[in-house]
Amino acid sequence: MRKTMMYVFMALAIMFVATPVFAQGEAAATGTNWVAITSGFAMAIASGLCGLGQAKATASATESLARNPGARPGIQLALILGLALIESLALYTLVIIFAKVK
């Protein structure tokens with residue numbers, strides 16, 4: 001309970017500190033293209049997490065195929081579907097970046 005309250009207070013403190021950032025006018029915000037910078041970080045994070053997810057899915061499928069070779073069609077279908085859904089995260093991030101960055 002005490003640890004949870006500590007996290008809540010830390011989150012509230014961060015929100016109160018971050019509030020003046022949003023109060024700045026348009027003139028101050030035109031100096032740096034933050035959308036482009038954050039888009040690069042977003043794509044890097046999305047690509048990294050997609051890579052980790054695909055590696056974990058492939059490793060799990062390989063282990064399950066080694067244990068039960070008879071279940072190959074079901075495992076293969078689930079693996080391909082899972083890899084496609086994981087890859088879609090990176091593609092959605094890329095589309096959002098192209099839509100937002102000028």
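Only this structure's heavy atoms are used, side chains among them; waters, hydrogens and symmetry mates stay out.
- Under a hydrophobic clustering in which Ile, Leu, Val, Met, Phe, Trp and Tyr are joined whenever their side-chain heavy atoms come within less than 4.5 Å, directly or via other members, Y92 and L49 fall into different clusters.
- Expressed to the nearest 0.5 Å, how far CG of L89 lies from CD of Q54 amounts to 9.5 Å.
- Here the shortest heavy-atom pairing between A36 and V101 reads CA-CG2, 4.1 Å.
- M15 is not connected to M6 by any chain of hydrophobic side-chain contacts under 4.5 Å among Ile, Leu, Val, Met, Phe, Trp and Tyr, and they are in different clusters.
- The line from CG of L65 to CG of L79 is 8.0 Å long, rounded to the nearest 0.5 Å.
- Here the closest non-hydrogen pair linking C50 and A90 is SG-N, 3.6 Å.
- Using a distance-only test at 3.5 Å, with no hydrogens or angles considered, a donor-acceptor pair links the side chain of S64 to the main chain of A61.
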### Query
Going through the checks in order, is the side chain to side chain contact (heavy atoms under 4.5 Å, CB included) test met by I37 and W34?
CA-CA 5 Å; I37 294 170; W34 288 105; 4.1 Å; yes
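- I96 CD1 to L91 CG: the interatomic distance, rounded to the nearest 0.5 Å, is 11.0 Å.
- Between the OG atom in S88 and the CG atom in L83 there is a gap of 11.0 Å [rounded to 0.5 Å].
- Here the straight-line distance linking atom CG of L52 with atom CD1 of I86 works out to 10.0 Å at 0.5 Å rounding.
- Formation of a donor-acceptor pair under 3.5 Å by the S60 side chain with backbone atoms of A57 is not found in this model.
- Note that the CZ atom of F98 and the OG atom of S39 stand 10.5 Å from one another [nearest 0.5 Å].
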